[in-house]
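Notes to accompany the following structure.
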Amino acid sequence: MPHTGSCLCGAARFSFDHPVSETGACHCGMCRKWSGGIVLSVQVPGDALKVTAHDTIKIHTSSKWGERAFCGKCGSGLWYRLTAPGPQHGMHYINMGTLDDTDGITLTHELFIDAKPAGYALEGDHTRITGAEFFAMIEAETGPKYPE
Ligand SMILES: [Zn+2]
Ligand SMILES: [Zn+2]
């Protein structure tokens, strides 16, 4: 059965027929400002996402390598989409909080752990990598000088 999701007001809706079992948290400054908190997201390839109600969806180009979709009516952050070239090009990182059903999705990693505010932490034994480690991983996949 496909996953479905929406913004808070319901004007923006989407679905995807793609299995997701893992979520990752991102503590980077952009994710915090964009979401107002911690971003937890699930990876869905671009061709798997079907936007079923898009009239209120706005796109914010947040960097040279990605853009963020949100509902222009209620403000919910919906997804981050990787726009830079490379093997992950077009990947959507859909905010887990927008999904109607989150059963079976487990936290497997935290990104930008060095940017996490000291006053809270996510428990559990999972991968935690710094911003520098994250960029080094991406550069190993896509070649040097990315992202800038
Ligand atoms: Zn909305
Ligand atoms: Zn982030």
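Predicted model only: the values in this text are computed from it and were never measured. In each ligand, atom 1 is the first atom listed, and ligand 1 is the first ligand listed.
- Seen from the Zn ion (ligand 1), atom SG on Cys7 and atom SG on Cys9 lie at an angle near 100° (rounded to 10 degrees).
- In His126, the NE2 atom is crowded: over 12 heavy atoms of neighbouring residues, nucleotides or ligands sit closer than 6.0 Å.
- With a cut-off of 2.8 Å, the Zn ion (ligand 2) has an N, O or S atom of Cys28 in range.
- The aromatic rings of Trp79 and His92 stand perpendicular to each other, their planes meeting at an angle above 60°, with 30° marking the opposite boundary.
- With the Zn ion (ligand 2) as vertex, Cys31 SG and Cys26 SG subtend 120°, rounded to 10°.
- Looking at heavy atoms from C-beta onward, Val42 lies out of side-chain contact with Tyr93 at the 4.5 angstrom threshold.
- If you put the vertex on the Zn ion (ligand 1), SG of Cys71 and SG of Cys74 sit 110° apart, to the nearest 10°.
- One finds the SG atom of Cys7 at 12.0 Å from the CG atom of Asn95 (value rounded to the nearest 0.5 Å).
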